[in-house]
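Below is one structure, written out as C-alpha cells; comments come after it.
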Amino acid sequence: MALTHPWEVGPDEARAIQEELRPRVEAVDRLGAVGLVAGVDLAYPVPGLARAAVAVLDAETLELCASAAAEYGVAFPYVPGLLSFRELPPALAAFAMLERLPDLVLCDGHGLAHPRRFGLACHLGLALDLPTIGVAKTLLLGTHGHVPSKRGAWVPLVDHDEVIGAVVRTRAGVRPLYVSVGHRVSLPTAVAWTLRCAPRFRLPETTRAAHALATSATRAAP
DNA sequence: GCGACAG
DNA sequence: ATCTTGTCGC
C-alpha cells in the first residue's frame with residue numbers, strides 16, 4: 001500500500017512511512033546483466049502539473065532505446081527529505097507505460113544520503129523492485145573532503161561517522177556529483193555505473209535524456 | 001534560537 | 001523545480 005501509493009499522506013505520515021520502509025533497502029549488489037539503463041526526471045511545465053519522463057538507454061552504447069512520459073497533478077509540496085512523495089507518483093506512471101523495464105535506474109536525487117536513509121532512489125527502487133542509484137547535483141546531508149579534480153576521482157560522503165554515499169568527479173574541473181545507493185546495488189557499483197553513464201558531461205546520459213524528454217512539449221511518443 | 005535544506 | 005542575460009570557454 002505505502003509502496004505503490006505514497007501520495008495522499010501528510011508530512012508526518014510520510015516520515016513514518018520512510019522509517020517503515022527503510023529496512024527493506026538492500027545496499028548490496030543484486031542485479032543481473034545490465035543491458036538497459038534508465039534515467040528519470042521530472043519537469044513542472046506550469047504550477048501544479050508535473051511531467052515525468054523515463055529514458056531507457058543501451059548500457060553499452062548509451063543510445064536511446066525507449067522512453068515514456070506521463071503528466072500528473074502535483075499532490076505533495078516540495079519538502080526537503082520528502083521528495084519521493086512528490087515525484088514518485090508521476091515517475092511510476094511513466095514507468096508503467098514502458099513495454100519493458102530497464103535493468104538499472106539512475107535517479108535525480110539521493111538514495112541513502114538522506115536524513116532517514118530513505119531518499120527518492122530508495123523509494124523508487126522498492127516500488128519497482130529494481131536496482132536504483134541516487135545521483136544528485138547538490139548536497140542534502142553529510143560532509144566530505146576535497147575531491148581530486150580528475151575525472152573518476154571520488155571521496156566518501158559521511159554523516160555521523162557513517163558513509164552514506166560518494167562525491168564523484170564525472171568531469172575534470174567541474175562540480176562533483178553526489179552518488180548514493182538506491183536499492184539492490186553497492187556503493188562501489190553505484191559509483192562505477194555513474195561514471196560509465198557519464199563519459200563526457202557532468203550528468204549521466206540517462207539523466208540528460210530524461211531531462212530533455214521531461215522538458216520537451218511533446219507527449220508520449222507514437 | 002538560528003541556519004540548512006535533493007527537486 | 002522555475003524565473004532570467006549575458007558571458008566565459010572548449
Side-chain angles (χ1 to χ4, degrees), chain A residues 6-7 11-12 14-15 17-18 21-22 25 39-55 69-95 105-127 132-144 149-151 157-160 164-183 187 190 194 198-204 206-217:
Chain A
W7 40 103
D12 293 324
R15 292 188 188 86
I17 290 174
Q18 295 183 319
L21 298 179
R22 168 169 61 175
V25 173
V40 208
D41 191 40
L42 284 270
Y44 298 85
V46 295
L49 182 65
R51 178 186 295 138
V54 183
E71 296 195 330
Y72 215 96
V74 174
F76 200 93
Y78 167 68
V79 179
L82 300 179
L83 183 63
S84 66
F85 291 85
R86 176 185 175 79
E87 308 207 324
L88 227 51
L92 292 177
F95 269 98
V105 182
L106 270 62
C107 307
D108 230 53
H110 296 96
L112 289 180
H114 175 280
R116 287 169 293 285
R117 308 292 182 263
F118 196 73
L120 171 66
C122 299
H123 207 156
L124 182 68
L126 288 187
T132 58
I133 297 171
V135 181
K137 299 180 288 298
T138 61
L139 197 58
L140 170 61
L141 188 69
T143 58
H144 64 85
S149 61
K150 188 180 177 183
R151 174 189 142 77
L157 176 60
V158 178
D159 179 45
H160 290 80
I164 58 175
V167 190
V168 185
R169 193 80 74 179
T170 53
R171 184 171 184 174
V174 175
R175 281 179 303 154
L177 251 30
Y178 302 86
V179 179
S180 60
V181 170
H183 186 49
L187 185 55
T194 298
R200 181 172 179 195
F201 302 111
R202 178 168 94 116
L203 296 177
T206 42
T207 304
R208 287 163 47 77
H211 188 278
L213 291 168
T215 302
S216 71

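All chains are named by letter (A, B, ...) in the order of the sequence lines, taking the proteins before the strands, and each is independently numbered beginning at 1. The figures that follow rest on heavy atoms only: side chains count, while hydrogens, waters and symmetry mates do not.
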Could you check how far OH of A:Tyr78 sits from P of C:dT2, rounded to whole Å?
-> 14 Å

With a 4.5 Å heavy-atom cut-off, do A:Arg116 and A:Leu141 have their side chains touching?
-> no

Send over the distance from A:Leu49 CG to C:dA1 P, rounded to a whole Å.
-> 16 Å

Quick one: label A:Leu177 by what it contacts on the DNA or RNA (base, sugar-phosphate, nothing), any heavy atom closer than 4.0 Å.
-> nothing

Ignoring hydrogens and geometry, is there a side-chain-to-backbone donor-acceptor pair from A:Arg151 to A:Thr170 under 3.5 Å?
-> yes

Expected output: side-chain A:His114 to main-chain A:Gly81 donor-acceptor under 3.5 Å | yes

Write down the distance between CG (A:Leu203) and C1' (C:dA1), rounded to a whole number of angstrom.
-> 15 Å

Gap between atoms CG and P, on A:Asp108 and C:dA1 respectively (whole Å) | 7 Å

State whether the side chain of A:Thr207 and the backbone N or O of A:Gly39 hold a donor-acceptor pair below 3.5 Å, judged by distance alone.
-> no

For A:Ala113, report the nucleic acid contact type (base, sugar-phosphate, nothing); a contact means any heavy atom under 4.0 Å.
-> nothing

Scan A:Leu203, A:Thr206, A:Thr194, A:Val168 and name whichever one has a side-chain contact (heavy atoms from CB on, under 4.5 Å) with A:Val135.
-> A:Thr194

Report which part of the nucleic acid A:Leu141 touches: base, sugar-phosphate, or nothing (heavy-atom distance under 4.0 Å, all strands).
-> nothing

Separation of C:dA1 atom C1' from A:Leu120 atom CG, nearest Å, is 13 Å

When all nucleic acid strands are considered with a 4.0 Å heavy-atom cut-off, which category describes A:Gly134: base, sugar-phosphate, or nothing?
-> nothing

Name the first nucleotide and the last nucleotide along DNA chain B (5' to 3') that come under 4.0 Å of a heavy atom in chain A.
-> B:dC5 to B:dG7

May I ask you to test the A:Ser180-A:Ile164 pair for a side-chain heavy-atom distance under 4.5 Å?
-> no

